[in-house]
Amino acid sequence: DFSCESPKTISFRLGRPAVKTYSYMFPELPEWRTEPTGKKPQSLKKPTPKADCEKSSTRLKPPTDIVKLEDRLYYMLQPPLETILSSESMHMPFEPFPYQYQGIAFLYPRYAAILADEMGLGKTMQAITSMRLLLRAGELRNILLICPKPLVSNWKNEFATWAPEIPLCIIEGDQTRRHWQWHHQSAPLKIANYELLMRDRDVVLDPRLKFDLVVLDEAQRIKNRSSTTSQITRAISRSRSWALTGTPVENSSEDLVGIFEFLSPGYLQSGMTARRMAKAAGDYILRRTKDKVLTDLPPKMYRDAELDLTPEQWCSYKSAEEDGVVQLEGLGEELTIQHVFELVLRLKQICNFDPATGASSKLERLEADLEEVVASGRKAIVFSQWVGVLDKIRERLHRFGILEYHGKIPHKKREGVISQFKEDPSKHVILMSYGAGSVGLNLQFCRYVFLFDRWWNPEIGRASCRERVCSVV
């Protein structure tokens, strides 16, 4: 018998499950989101013609260690950088390159960061624009920028170009004046040099003096953790720490550990394997080299000119070579590499100018090339490792409107020399030594560079000349 009672059923109402919601109140919109005033915004100048392509969209890139959803949403909801920087209130003299937008997106949200782009890719401009955005957003109010002394005027000029509305204070003068400047709060940006930190140590490390951001330019200066400079910079009271350097690792991985002691003490340790260190530091470092962003940059052309010595130079060269070899052989066991270098140095000088007559095939060729450069309305830089050689060039080429920038020019006058060279149409040529021209100069307005002679280390010549002249602000 398969018959059975009908199953009993029970009905009940299911309530809707409670959904947990979160709400956040973000700060007011930054100044760059102001309403249009009716005026047509000025279009950005492109630094170089490019092929037509679809407009890119660069978003802020928060670090991976941001845990709070609120913080991540804040960065995600910001408009693309291209939109921000094209607004009326954020007028830019030139449109940044795509990789520079990415650098700004990297720096903006980070409390600890190293911008390690190869020299000439515009670390200065990226850092200034990031600071400008943070100041306008109200996230920064007090910034300290520390750089080598020769670069103070260069930073001042770059701020005038990329962020002219930001008041700045350059720490300089006697002790009384500097003390007042350190505690002067009206300027949101202070610029000091590394050497000054040593003299003003007690003032800089005063607990009452706190910065929202400390930026180190040429940050390899603090790679030695035991140095006084490193100890002072690490002890400065601050909320954010940025380091700018084209060479984060000069000699060994210890250099990077030294810089990270400023960014995040104890995060990197001596003895870490290269793979482990790279993985740990990866989110804090952004480095691009010219070969990676070459498509964004204007092309460079190199030309090596092979010249024959003048008869006078050739005679002096042979005589010096023969006499020098005889002297070296006569030294016997006392011969050192220094003696060989002295002979090579002597021969290099003869290749520049004949010591007896002053004849120079190099100068003849340089004069001919500069005739064409000046006729086209362009500007050129001539480099040499010897100031005496630059003096001889100046005597011969004074009609081209010569300016000089080398170790004999006082630091206070160097800024004026660069400004005059850039702005004065009658000044077509500037003579530079490798030492003075190898640090932190933006000479991208120049189209031509001539290496009258080479430094012992070819990399020094490349850094001083080609990369500085072909750099991007």
Side-chain angles (χ1 to χ4, degrees), residues 110-119 123-124 127 143-155 170-173 175 178-179 181-182 190-207 209-272 274 277-278 280-281 284-287 407 411 434-436 438-441 457 459-460 463-464:
R110 278 168 171 75
Y111 279 72
I114 300 179
L115 184 59
D117 286 348
E118 185 180 8
M119 184 175 62
K123 293 187 292 294
T124 301
I143 303 173
L144 174 61
L145 169 66
I146 305 173
C147 64
K149 185 176 181 180
L151 301 188
V152 171
S153 59
N154 184 70
W155 274 99
I170 296 178
I171 308 297
E172 59 185 354
Q175 184 176 3
R178 296 198 310 272
H179 186 275
Q181 289 175 328
W182 280 116
K190 294 180 176 65
I191 302 178
N193 62 71
Y194 285 103
E195 293 76 13
L196 202 64
L197 295 182
M198 310 282 285
R199 300 198 296 269
D200 294 351
R201 177 173 185 166
D202 293 338
V203 180
V204 176
L205 301 186
D206 187 335
L209 190 62
K210 183 174 181 179
F211 297 95
D212 299 319
L213 168 65
V214 173
V215 183
L216 301 186
D217 187 24
E218 304 290 344
Q220 65 273 13
R221 287 284 192 100
I222 65 165
K223 64 183 181 181
N224 183 358
R225 287 174 285 173
S226 62
S227 69
T228 305
T229 301
S230 176
Q231 293 172 7
I232 295 175
T233 55
R234 298 201 312 264
I236 297 175
S237 180
R238 63 198 184 277
S239 300
R240 298 184 186 226
S241 306
W242 292 353
L244 311 178
T245 174
T247 53
V249 178
E250 286 186 319
N251 301 313
S252 69
S253 59
E254 284 297 306
D255 299 345
L256 191 59
V257 175
I259 296 176
F260 260 85
E261 283 300 298
F262 166 74
L263 300 177
S264 181
Y267 185 72
L268 295 186
Q269 301 290 336
S270 299
M272 293 177 67
M277 186 176 294
Y284 294 87
I285 302 176
L286 179 63
R287 176 169 174 79
H411 283 287
Y434 287 110
S438 63
V439 182
L441 291 178
N457 182 354
E459 286 299 308
I460 298 296
S464 301

[X]: partners by side chain to side chain contact (heavy atoms under 4.5 Å, CB included), with sequence neighbours left out:
X    : result
V249 : L256
A192 : L144, I171, W182, L196
Y111 : R240

What are the two closest non-hydrogen atoms of [X] and [Y], and how far apart are they?
X    : Y    : value
I191 : V152 : CG2-CG1, 4.1 Å
A127 : W155 : CB-CH2, 4.3 Å
I232 : L205 : O-CD2, 3.6 Å
A112 : Y284 : O-CD2, 3.4 Å
F262 : S241 : CE2-CB, 3.6 Å
N193 : P148 : CB-C, 4.1 Å

Verdict with reasoning, L151 to D217, per side chain to side chain contact (heavy atoms under 4.5 Å, CB included): CA-CA 9 Å; L151 301 188; D217 187 24; 3.5 Å; yes
Pairs touching residues 220-231 that satisfy salt bridge (charged side-chain N to carboxylate O under 4.0 Å, His left out), sequence neighbours left out: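 Sorted pair list: E195-R221, K223-E250, R225-E254.
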Exam field: side chain R178 to backbone G173, donor-acceptor pair closer than 3.5 Å: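 A pair under 3.5 Å: yes.
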Trace of the side chain to side chain contact (heavy atoms under 4.5 Å, CB included) decision for L216 with W242: CA-CA 6 Å; L216 301 186; W242 292 353; over 6 Å; no
Partners meeting side chain to side chain donor-acceptor pair (under 3.5 Å) with [X] (sequence neighbours left out):
X    : value
D117 : Q126, R288
T245 : Q220
S227 : none
R234 : S230

For E172, salt bridge (charged side-chain N to carboxylate O under 4.0 Å, His left out) partners two or more places apart: none
With D255 via salt bridge (charged side-chain N to carboxylate O under 4.0 Å, His left out) - residues at least two apart: none
Sequence-distant partners of H179, ring pair (Phe, Tyr, Trp, His ring centres under 6.0 Å), two or more places apart: H183
Listed partners of Y194 passing ring pair (Phe, Tyr, Trp, His ring centres under 6.0 Å), at least two apart: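 In terms of ring pair (Phe, Tyr, Trp, His ring centres under 6.0 Å), with neighbours along the sequence ignored, Y194 is linked to no residue.
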S239 OG to I143 CD1 distance, which is reported to the nearest 0.5 Å: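 Taking OG in S239 and CD1 in I143, the distance rounds to 11.5 Å.
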From CZ (R110) to CG (L115), nearest 0.5 Å: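 Those atoms lie 11.0 Å apart.
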Steps toward side chain to side chain contact (heavy atoms under 4.5 Å, CB included) verdict (L145, K190): CA-CA 6 Å; L145 169 66; K190 294 180 176 65; over 6 Å; no
